[in-house]
Amino acid sequence: MAKTITIDPVTRIEGHAKVTIQLNDAGKVEDARFHVTEFRGFEKFCEGRSFWEMPGITARICGICPVSHLMASAKAGDAILGVQIPPVAEKLRRLMNWAQMVQSHALSFFHLSAPDFLLGMDSEPAKRNVAGLIEKYPDIAKRGILLRKFGQDVIRLLGGRSVHPAWTVPGGVREPLTSEKRDEIRDRLPEALEMAEFALSLMQDVQSKFENEVHTFGEFPSLFVGLVTPEGGLEHYDGLLRVVDADGRNAIPEDLLHKGEEGIDPSRFREIIGESTEPWSYLKFPYFKPEGTELYSGMYRVGPLARLNVCKFAGTPRADQALRRFRQLSAYGKPVLSSFHYHFARIIEILFSLEKMAETLDDPDINSNRIRSQAGVNQLVGVGVSEAPRGTLFHEYQVTEEGILNHVNLLIATGQNNMAMNETVKQIAHEYVLGDQLTEGMLNRVEAGIRCFDPCLSCSTHAIGQMPLHLQLLSPNQDVIDEVYRH
Amino acid sequence: MYVVISYGNALRSDDGAGFVLGKIIAKYLSKKGHRVHQIETHQLTPELIYDLPQANDLKVVFVDTCQATAVDRIVVQNLMFDQVAPSMGHQMTPGLLLYLVNQLLNRHCTGWLVAIPGWDFGFGFELSLQTQKCLLDFSQNMDIILQPLFQNQDSGGHTYVHRD
């Protein structure tokens, strides 16, 4: 008899979701879906507001990555003003964005995913969380908190507070960086780097224990999308939008590229990215248009894994060294395909961010007061693009001559990973679901597979929620045969 | 030493009531001669443990708004360590924060949650009339309502509810 298993909601991710696994008459997995069951509608209620308010409003989409929305929103505002912001303002924005990468990635690695790695996928669910981690590995938990604290403190030093700092504005930033604050950040960087190196060695130690998970947690061909510098380096704030296929080749049609460039201006994202919807999820399904409009034909991944796959190099010594090790996980010159390696990629990005912060703080102009370009509305459409911890973030605004928004579109990283997350759930279910036996190990792995993407459903739908676990077994006509809750 | 941690969103009407109440409680404790450290934050995050004062015996008073459907007046609840992290990503429970202080910093700490009911969580700076009335009632009965803060906690984690 065909059945459906439902895991609802998925735990230790941001937001509210459930997973259904459809079994066929033979008890084999027929299909699996990651449903996002919440809705918030930020795009709609932003209409009628001034674009000047948007960084402050959209930052409140999320308490984890408010900085990412600040960046993309302020950049969309820059485009509406039609200005180039002062160089120091850009450096300060980058500094805050790197701090955001550090704090968010540290949280994802040490607190959300480390319990899976260190306590084991088959360990008791009641213990396989941060409290269990503290009990067994207090030093690791402590380092995770301290690394996150460093990132949060840098955001606070720059923006006045760590959550929802109203510091990034259209045209630049509100406050310059004082030399005292610069020195404080600089003094703490060595300790943060040491903790990042520790995370790197920890990841390399545990990786070999999860060979099966590496091959079943979203290991499949897909496209990868991310920003790169004009030279092809790792980029988190600006640059070109690059797309590569599963063989590492450029996937953007030649006629869309300028001569000699391997990516397009990110503000042209609509030329290559479309958005579709499915009736069973509030999360949109963005796709790469040149591959067609069929669901899954234009599937792509964004985020740390994608960023390391689209760049040619990182651009800092320690990160480049780690990137070389990362690239050994795939055949020479090919992208790393397993979503399990998002974790490894996150740590490399922490290293990169810390190194770039050190480099930027050494800039003799970093304390300059020239931090804001002044202008009025000069363009009626503005697109702002930056890299959020979870992937490329697009803010697209249309305004009236007075700067009042009449259309808002936010394309969020988690949404862009939607198809890949669904494929990952399906792949894990195929491997671990045997008949109608619902084992803890299977449930844990489905959740852990989703957590590779570190999804933020608050951002992507854009909503809030809490996450116990609910599992349902359904017959072919959708009757509930069995149910399990995990709180 | 007492630490008063108020949290919420001051831009969402009654969700910011904890900040008002936290200030009142901190002032009250100071007047009684206690050393008080006050923290105001948007949400409880793990790194907050490193912002706590270096005292060995911490008495942590969390102040937050809760839905008026849960309580209809300001209540004080004894907290127990919470070892379950429902979602470590976005926010923590007060009990989990206490657990982190105890386990990671090896400090003895006791805690209470002072909850104020909220009716309006829409955009705005002002508190609803009902929440304002709760604050007024509280200020007139603080000695009674805050009694649990001066008693030795038992391990039952019971809730002390002030009734007129």
Side-chain angles (χ1 to χ4, degrees), chain A residues 9 11-16 45 56-57 60 62-66 103-104 106-108 110-115 125-135 138-139 141-153 156 161-164 451 454-458 464-468 487, chain B residues 5-13 15-16 18-19 38-52 54 64-67 70 79-107 109 118 121-125:
Chain A
T11 60
R12 273 187 288 136
I13 58 173
E14 291 300 319
H16 190 114
F45 70 66
I57 292 174
R60 281 168 173 77
C62 182
I64 291 285
C65 46
Q103 69 86 8
S104 178
L107 185 77
S108 169
F110 283 100
H111 293 156
L112 304 185
S113 296
K127 292 272 181 195
R128 197 173 39 86
N129 55 33
V130 73
L133 188 72
I134 287 168
E135 203 172 285
D139 187 50
K142 213 181 268 188
R143 283 171 193 249
I145 293 174
L146 284 169
L147 189 55
R148 179 175 144 86
K149 180 172 167 53
F150 172 76
Q152 291 285 71
D153 286 348
R156 187 182 300 113
R161 57 184 184 184
S162 60
V163 182
H164 308 147
R451 273 199 293 274
D454 191 19
C456 185
L457 305 181
S458 308
I464 53 174
Q466 290 289 323
M467 311 231 156
H487 291 283
Chain B
I5 303 177
S6 314
Y7 57 104
N9 186 346
L11 300 176
R12 299 298 291 263
S13 306
D15 197 29
F19 300 121
Q38 208 187 339
I39 294 173
E40 292 186 347
T41 183
H42 186 83
Q43 60 198 19
L44 301 180
T45 52
E47 61 273 14
L48 204 57
I49 64 171
Y50 290 104
D51 292 332
L52 298 177
Q54 295 287 328
D64 188 23
T65 309
C66 65
Q67 295 268 6
L79 290 173
M80 296 174 71
F81 291 152
D82 185 358
Q83 296 187 29
V84 180
S87 169
M88 270 299 293
H90 208 137
Q91 59 199 6
M92 296 177 65
T93 61
L96 186 56
L97 200 79
L98 290 180
Y99 178 74
L100 292 183
V101 174
N102 185 266
Q103 292 291 306
L104 293 180
L105 305 183
N106 292 319
R107 286 201 227 152
C109 55
F121 294 90
F123 292 116
F125 298 98

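Every value quoted in this text rests on a predicted model; they were computed, and no experiment measured them. Within every chain, numbering begins at 1; the chains are lettered A, B, ... in the order of the sequence lines, protein sequences first and strands thereafter.
Nearest approach of A:A141 to B:L104, heavy atoms of both residues: CB-CD2, 4.3 Å.
In this structure, CG on B:L96 lies 6.5 Å from CD1 on A:I134, to the nearest 0.5 angstrom. We find the NZ-OG1 distance between A:K149 and B:T45 to be 8.5 Å, quoted to the nearest 0.5 Å.
Remark: B:Q103 pairs with no residue by the side chain to side chain donor-acceptor pair (under 3.5 Å) rule, at least two apart or across chains. The side-chain contact (heavy atoms from CB on, under 4.5 Å) test applied to A:L146 returns A:M195, B:Y50, not counting sequence neighbours.
For the pair A:D153 and B:E47, the minimum side-chain heavy-atom distance is 4.5 Å or more.
Of the two parts of B:L105, neither the backbone nor the side chain holds a non-hydrogen atom closer than 4.5 Å to a non-hydrogen atom of chain A.
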